[in-house]
J.: 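If you scroll down you'll find the structure; I have some questions about it.
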Amino acid sequence: MRRAELAQNLADVDQRIGVACAAAGRPRTAVTLVAVTKTWPASDAALLRDLGVRDLAENREQEARAKALAVTGVRWHFVGSLQTNKAASVAAFADVVHAVDRAALVAALDRGALRAARRVDVLLQVSLDGDPARGGALPRDLPGLADLVAAADGLRLRGLMAVAPLGADPVASFGRLQELAAELAAVHPGADLISAGMSGDLEAAIGAGATHVRVGTAVLGHREAALR
Ligand SMILES: *Cc1c(COP(=O)(O)O)cnc(C)c1O
């Protein structure tokens, strides 16, 4: 049964998070599991909610909007790269947007949030290898972007997000992210969240201070199975 399978996967992931927190000398409560339900049906998202998962994520606007409408009572995170013309839609349903990496997107999200009479939490995505293809702002552009978000009435600056560069050592990558996060929080004290770590590297991320791990495969299974 799908519910039992998800419950077992959740228990396994929770165990991994707990071990990683203990190894890092951090309390288990310091890390929030964000389950990434992309490609899986809304019924899976509802099962996860019923199993106690409070934070769910999607990475495409259309799929995200449909699931956010169908599954209420959770915080919806948007973790994908976001086209500016879809920002207003996302601002109307997402509680947290993780991959904000340019000024035009800040402005569009702010307009959408204000139009929907909402306040949306924002994480700035940083590119740890400077490769623009995978999204993310360059570290030197973070202070300016942070000031823009902080000044936007519809948005709340909450911290940084990153994906470990392919082929790079995740410990070194997430260590760099932790340094950048400390620099941001020194200027913007409310911006102390770090979204980092996925199924394959959540331990390294927790070791480097991640407060939110975004886990898809380890909770829901391999996405090819969902698409068959
Ligand atoms: C899909 C996705 C994840 C989850 O990846 P898994 O390896 O399946 O855990 C995390 N973050 C982002 C931005 C994603 O798109």
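Hydrogens, waters and symmetry mates are skipped; everything else that's a heavy atom, side chains included, is used. By convention here, the first residue in the shown sequence is residue 1. Indexing begins at 1, ligand by ligand and atom by atom, following the structure's order.
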J.: Using the ring pair (Phe, Tyr, Trp, His ring centres under 6.0 Å) criterion, which residues pair with H212? Sequence neighbours excluded.
T.: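 Ring pair (Phe, Tyr, Trp, His ring centres under 6.0 Å) check on H212 returns nothing, list empty.
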J.: Under 4.5 Å side-chain heavy-atom separation, chaining through any Ile, Leu, Val, Met, Phe, Trp or Tyr, what else clusters with L69? Say none if it is isolated.
T.: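 For L69, no cluster forms, as it stays isolated from other hydrophobic side chains.
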J.: Going hydrophobic residue to hydrophobic residue with side-chain gaps under 4.5 angstrom, can you get from M161 over to L180?
T.: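 Hydrophobic grouping puts M161 apart from L180.
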J.: If you group Ile, Leu, Val, Met, Phe, Trp and Tyr whenever their side-chain heavy atoms sit less than 4.5 Å apart, what else falls in with W76?
T.: L6, L10, V13, I17, V31, L33, W40, L47, L48, L51, V53, L56, V71, V74, L202, I206, V213, V215, V219, L220
J.: Is any side-chain heavy atom of V100 closer than 4.5 Å to one of Q125?
T.: no
J.: Name each N or O atom in ligand 1 that is under 3.5 Å from a protein N or O, and give the partner atom and the distance.
T.:
from     : atom 1 : to   : atom 2 : distance (Å)
ligand 1 : 8 (O)  : T217 : N      : 2.8
ligand 1 : 8 (O)  : T217 : OG1    : 2.6
ligand 1 : 8 (O)  : R223 : NH1    : 2.7
ligand 1 : 8 (O)  : R223 : NH2    : 3.3
ligand 1 : 9 (O)  : S199 : N      : 3.0
ligand 1 : 9 (O)  : S199 : OG     : 2.5
ligand 1 : 9 (O)  : G216 : N      : 2.8
ligand 1 : 11 (N) : R214 : NE     : 2.9
ligand 1 : 15 (O) : K38  : NZ     : 2.7

J.: Which value, rounded to the nearest 0.5 Å, describes the distance between E203 atom CD and R16 atom CZ?
T.: 4.0 Å
